Every structure is written in C-alpha cells, then in structure tokens.
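Below is one structure, written out as structure tokens; the observations come after it.
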Amino acid sequence: MKRRHFVGGLAAAATLSGCAKETANCADGGASQETFEWSCVTSWPPRFPGLGMAPENLAERVEAASAGRLKIKVYGGGEIVPAFEVFDAVSRGTVEMGHGASYYHKGKVDAAQFFTSIPFGMTNLELNGWLYYGGGMELWRELYEPFNLVPIPTGNTGVQMGGWFNKEINSVDDLKGLKMRIPGLGGEVLRRAGGTPVTLPGAEIFTALQTGSIDATEWVGPYNDASFGLHKAARYYYYPGWQEPGPGLETIIHKAAWESLPSDLQALLTTTCQAITADMAAEYTHGNATSLRQLKEDKNIEIRPFPAEVIALLRSIAADVVNELMATDPAAEKIGRAYFDYLRLASETSRISEKAYLDSREF
Ligand code: CA
C-alpha cells in the first residue's frame, strides 16, 4: 500500500497561491489543485513497441495536460508485479492502476475475455462500436465492479497474424501434434484440432521457437514479431490471425483511487485513454506496414495464408469453445449474447464497407 498517494494537500495549497498571481493559468476557476501520484503496473516488457508504450504515452499526456496534477509512473511486467498479476494487484489496491488485456484474467473472471478478443470475433472497429456506443462498456463496468476495478479501453493491436511456423500447414492433418505457443481460447481451439497449445510470456518465445521446443508461435503482427526477431527462428509466417482479430487492451483503476480524482481529471484520463486507442491504431498501421515490407525482402521467409479447410475447421471448433464458455457462468452468457448480437449487427455493414472496399481496390 505504500505507493498510494491519493491526496497532496500541501502541493494543492502551494498551487492555489500561485494561481492568484497568474490568473491566465486558472481558467478552470474552481477546479481542485490537489496532486496525485499513481503507479501503473503492466503485463508488457518495459517500453515494448505499441503494447508497452501505450501506458507510457498515456502517463506522459495526462501529466502534461493536467499541468502535473496527475502523475503516473509506469512499471513493466515483473518490475513490481508479475505480468499476469496486474488484475489482482489493482483489485487489492496495492497500486492505483494497471494496463494489460482482459483475457489474461481467464480463470478469475472468464467473461472478461469478450472485452479483448474472441477467435473469429469482432475487429478493432466493431469492438469499439460495441464498447462505446453499443452497451459494451456498461457490461464491462458491471463485470469488474465486485473486484473494485474501473475498466477503460486503452488501445487495440488490430488484426493479428496467425503466427510463425517451422512446419508447413497444408491441411488439417498438419495441426495434429503441432506444439504452438498460443494462449487463451485460441489455444483451446488448437488443442481440439489435435495440437498442443503452450502458454509462454513474450520474453521466452524466441528461444523456445529457435531451440525447437515449440514448432510454432503466435505473438502479435509484423511490427511486434520482428522486434522479437521471430523471423530468425521460423520459416513460415501464416495469416490471418483468426485467434485475435482485433484485441482491445484495458486500463484498470482501483475504485477508491478513481473516486478520489476530481471530475476534470477523471474526464482527462478517460479522454486520453480514447486518444491512445486511436494513436495505437495509427502506430500499428505504420509499424506493421514497414515491418512487413522488410520481412518480404527476407528470402528465408515465406508469408502464406492458412488453407481454407484449416480456417473452416478452426472456425467451427471456435464456435463450440465459445458456446461452452458461455454455458459455464451467467456473466459469460449475458456478455457473450450481447457480444454476438452486436457482431451480427456490425458485420452486416463491415461486409459491404471495409471488406467490399478492400476487395475492390487496386492496392
Ligand atoms: Ca496474440
């Protein structure tokens, strides 16, 4: 609990007296001048491109826009809290804030997986439509309420890649016995297709693939995969990332810390999280494009689509896996129903807009 600094009374008094002399900086009139110093733990390697930079960028922007009233110190996974214990640390109030992905809470709050990504589910644009305008956020807040957590969407990687393989996937039989790093629901789908899913933290993937202790791995996409050097450890790069078609990331805030913020800082934080989501889409669009160009020039790599029969099998198994998840608890059923109702609704437009347009153009 020693890192909690909800109230900065002395700093507030000093800032207020400064305000009297510089009225130009006091346009907000009655806004509280209390200062807040928070810690944010994350599931990412420190300052990792995209994923790890999101909370760093968030902290920097919030501090600048609040004139130092809300300072957030960001920690990489394992620095003060293990990468996969962010949820518990923020829920307990050990730290004020965390950044990660809600599907890491599988086993604690299974229904949370719908807010990151579902195999063959929503894209980035569809997920944000559901969260911000289609009732998704209300369900998410309700789900986290018993854990003393306030969720705020913060980033999305877009459609991922299927992954790096040292075995060719020419038919569904090639999935049998395949040892692959693939977490969550996607891993369960692979298991039922005859493979052996493995869960490894990002930092251990390269060595596992290079030494042959796994045959394949998914991670994110060209931008992040190249930064791990995965192209130096495998020959075949398959697409698309059916397992994670537009995973959304989350900021979670301990309820008492959230409620201690004056309303203008709450608004600043939520608005900045939304800005980070837009910014991450731009960063990944650019990073993936430039990294893919480089990968294409590497003669040791073949970039391939999964065969249609493989995708068809995985899609059919994924439906079973998600239906079983929804049958396991009432929250998963309620959120899952809302998720698929929205996916059916949004996909009618996606099909005749994004998909039709991309298929129609020359580039
Ligand atoms: Ca992934």
Side-chain angles (χ1 to χ4, degrees), residues 42-45 48-54 77 83-84 86 99-106 112-124 126-127 153-165 169 175 178-191 193 195-209 214-231 233-234 236-250 277 280-281 283-285 287-288 291-292 295 303 305-306 310-311 314-315 317-318 321-322:
T42 74
S43 302
W44 322 118
F48 191 72
L51 303 170
M53 286 311 295
F84 296 145
V86 168
H99 187 260
S102 65
Y103 65 1
Y104 293 146
H105 319 324
K106 184 174 179 281
Q113 294 174 97
F114 287 100
F115 301 110
T116 306
S117 203
I118 293 293
F120 298 97
M122 293 188 199
T123 63
N124 178 4
E126 291 164 344
L127 182 67
T154 310
N156 191 307
T157 69
V159 183
Q160 298 200 349
M161 285 290 280
W164 294 92
F165 291 68
I169 304 298
L175 298 173
L178 185 79
K179 198 169 174 195
M180 177 171 182
R181 182 269 178 193
I182 173 170
L185 295 170
E188 178 58 20
V189 173
L190 178 73
R191 191 183 66 74
T196 306
V198 183
T199 301
L200 289 175
E204 293 173 29
I205 296 175
F206 176 83
T207 305
L209 189 61
I214 54 175
D215 304 312
T217 184
E218 69 85 57
W219 173 228
V220 182
Y223 179 45
N224 285 151
D225 295 2
S227 71
F228 267 167
L230 299 180
H231 54 292
Y236 306 105
Y237 198 20
Y238 278 96
Y239 63 86
W242 57 273
Q243 77 286 3
E244 292 186 60
L249 308 173
E250 65 176 13
T277 300
M280 193 187 283
E283 183 184 357
Y284 273 91
T285 297
N288 282 333
S291 299
L292 182 65
L295 292 173
I303 302 171
F306 284 117
V310 169
I311 288 294
L314 295 172
R315 189 170 57 225
I317 297 174
V321 168
V322 177

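Throughout, residue positions are numbered sequentially from 1 according to the sequence presented. Below, each value reflects all heavy atoms present in this structure, side chains not excepted, and no hydrogens, waters or symmetry copies. Predicted, not measured: the structure shown is a model, and the values here were computed from it. Counting convention: from 1, in listed order, for ligands and their atoms alike.
Sorting the N, O or S atoms of Glu218 by how far they are from the Ca ion (ligand 1) puts OE1 first.
With hydrogens and angles ignored, the 3.5 Å screen pairs no side-chain donor or acceptor of Thr207 with any backbone N or O of Glu204.
Using a cut-off of 3.0 Å, one finds that Gln160 contributes an N/O/S atom close to the Ca ion (ligand 1).
Annotation: angle subtended at the Ca ion (ligand 1) by Glu244 OE2 and Trp219 O is 180°, to 10°.
Note on ring orientation: taking the six-membered ring where Trp is involved, the planes of Tyr237 and Trp164 are parallel (angle under 30°, cut-offs 30° and 60°). Ring-plane geometry between Phe48 and Trp219 is classed as perpendicular, the angle between the planes exceeding 60 degrees on a 0 to 90 degree scale with a lower cut at 30.
Considering all non-hydrogen atoms of both residues, Val310 and Leu175 come closest at CG1-CD1, 4.1 Å.
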